[in-house]
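First up is the structure itself, then whatever we jot down about it.
As a basis for the values below, the full set of heavy atoms in this structure was taken, side chains included, without hydrogen atoms, waters or symmetry mates. Model, not experiment: these values are computed from the prediction.
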Amino acid sequence: MTTRRWVVLGSLMTLLALMLVPTGKSWYDQQQRLDELQSQVAAQEAAVDDLQRERELWQTEEYVEAQARKRLKFVRPGEKTYTVVDPDETIADVDPETGTVTSSNTQPWYEKMADSVTTADTAEKQQ
């Protein structure tokens, strides 16, 4: 009689486990998703705080002036501005025969495009 009770009890426990495992897994997955969403909300709230601070800065004349000086290189009348160029960086390559600038950093976009077409055309003719 006790063996039969243990078999019945074991069968009920197995059935109960089989019924609860999917529910427990879905609960666990939902908790993981909830944690992800909470961390995403916290990151977005931090970004909103940063943007609000920046908006408040843009309300002040000093910040606007500092940004105009920094980004647009604006100066007040009578002031002089200097741009320091890295001496190791090559600014432009000058063709010794024609004296034209061949660096892509200083050429306008239309000259870059014309050079590209010319280079592609000469490469096609060589083949």
Student check: side-chain heavy atoms of Q40 and L37 closer than 4.5 Å: yes

Work out which heavy atom in V64 is nearest to a heavy atom in W58; give both atom names and the distance. CG2-O, 3.4 Å

Side chain to side chain donor-acceptor pair (under 3.5 Å), paired with Y28, selected from Q31, Q32, K25: Q32

Quick one: OG1 on T2 to CG on L9, what's the gap to the nearest 0.5 Å? 12.0 Å

Should we count CD of Q38 as having more than 12 external heavy atoms under 6.0 Å? yes

Considering only NZ, NE, NH1 and NH2 on the basic side and carboxylate oxygens on the acidic side, decide whether K112 and D115 come within less than 4.0 Å. no

Output the distance between atom CG (D49) and atom CD (E54), rounded to the nearest 0.5 Å. 13.0 Å

Is E79 salt-bridged to R69, cutoff N-O under 4.0 Å? yes

How many angstroms lie between atom CD of E111 and atom CH2 of W109, to the nearest 0.5 angstrom? 11.0 Å

Any carboxylate oxygen within less than 4.0 angstrom of a Lys/Arg side-chain nitrogen, looking at D29 and R33? no

In this structure, OG1 of T60 is separated from CD of E65 (nearest 0.5 Å) by 10.5 Å

